[in-house]
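Side-chain atoms are counted along with the backbone in the values below, which use heavy atoms only and exclude waters and symmetry mates.
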Amino acid sequence: MKIKINNLKQFSNKNKVPEDFKVLRTWESTVFEIACGLLLALTWVFVGLGIWRHGEQVNTTELLMLAGMSTFIVLVMLILAYRPQSYNMPTKPTFRQFKLTVRFVRTMAFLLSVTFFIVTLGMGGWVHSDTLQIIPTILIGVAVVVYLVMYFVVK
């Protein structure tokens, strides 16, 4: 049963999800994927420029490992957004739970790509380390607000 994840108003929250449920591409998913892709591309550009510009002042291995791990983690999260059946849920989920979970995974992938981009800027010598100390607090606050809004707004 192929159903667009944003068009679930015809189902009640008590309906159980069929086994062959698939999440199709929507405008929202495309925006998240493009934004994550742009941030990952910028991460790799700044890694390359940081190695070329700062050379001996930065740890090349750590920068390359960070960029590689960030790319892998964000891509896996964006792929898993299309396979919500693979999530480990204690009960048989409803459509609303799947919809929330898919949005949470996409939002987390975006926030992780932003975080990795900022950390790469700091490790590559582009941003002073004092500026980077406040960034994690701001990102956690933004994530909490986004998740609360999504939880109470998504019907």
Side-chain angles (χ1 to χ4, degrees), residues 2-6 8 17 20-55 57-91 93-154:
K2 293 186 177 183
I3 301 171
K4 286 196 175 184
I5 198 73
N6 288 340
L8 297 177
V17 178
D20 59 347
F21 175 73
K22 301 230 184 205
V23 177
L24 299 178
R25 180 177 298 276
T26 61
W27 180 82
E28 175 186 326
S29 66
T30 305
V31 168
F32 273 111
E33 290 164 5
I34 289 172
C36 289
L38 287 174
L39 281 169
L40 288 175
L42 282 174
T43 300
W44 280 101
V45 165
F46 277 100
V47 164
L49 288 175
I51 292 171
W52 176 68
R53 182 177 177 203
H54 300 292
Q57 298 171 351
V58 297
N59 191 341
T60 306
T61 307
E62 286 181 4
L63 264 178
L64 290 173
M65 285 179 56
L66 175 70
M69 286 188 328
S70 66
T71 302
F72 177 76
I73 291 170
V74 170
L75 286 178
V76 166
M77 290 183 77
L78 289 174
I79 290 170
L80 284 177
Y82 287 102
R83 302 293 300 164
Q85 296 89 346
S86 62
Y87 307 152
N88 188 12
M89 295 190 181
T91 61
T94 63
F95 282 107
R96 182 180 185 273
Q97 290 169 335
F98 267 148
K99 188 174 181 180
L100 277 173
T101 305
V102 167
R103 283 191 175 167
F104 283 156
V105 169
R106 287 182 180 143
T107 307
M108 182 58 78
F110 176 73
L111 289 174
L112 279 175
S113 58
V114 169
T115 304
F116 285 130
F117 176 69
I118 292 171
V119 170
T120 302
L121 288 178
M123 287 180 65
W126 296 100
V127 179
H128 196 268
S129 62
D130 292 340
T131 309
L132 291 177
Q133 292 177 355
I134 192 73
I135 300 292
T137 307
I138 293 171
L139 285 176
I140 290 172
V142 168
V144 168
V145 169
V146 166
Y147 287 146
L148 286 174
V149 167
M150 281 177 32
Y151 182 78
F152 289 111
V153 169
V154 174

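T26 approaches T30 most closely through the heavy-atom pair O-OG1, 2.9 Å. Between A67 and V47, the shortest heavy-atom contact is CB-CG2, 3.8 Å. Heavy atoms only, all atoms of each residue included: F117 and L42 are closest at CE1-CB, 3.6 Å. When every heavy atom of T43 is checked against every heavy atom of S70, the shortest pair comes out as CG2-OG, 4.4 Å.
A donor-acceptor pair under 3.5 Å is absent between the side-chain atoms of S29 and the main chain of R25, judged by distance alone.
For the pair R106 and Y82, the cation sits on the ring face: its NZ or CZ lies under 6.0 Å from the ring centre, inside 45° of the axis.
Distance check, rounded to the nearest 0.5 Å: OG1 of T71 to CZ of F116 gives 9.0 Å. L121 contributes atom CG, which lies 5.5 Å from atom CZ of F46 (distance to the nearest 0.5 angstrom). The distance from atom CG of L80 to atom CG of L75, rounded to the nearest 0.5 Å, is 11.0 Å. Once rounded to the nearest 0.5 Å, the distance linking OG1 of T120 with CD of E62 reads 11.5 Å. Summarising the geometry, atom CG belonging to L49 is positioned 13.0 Å from atom CH2 belonging to W44; distances are rounded to the nearest 0.5 Å. For the atom pair CG of L40 and CD1 of I73, the computed distance is 10.5 Å after rounding to the nearest 0.5 Å.
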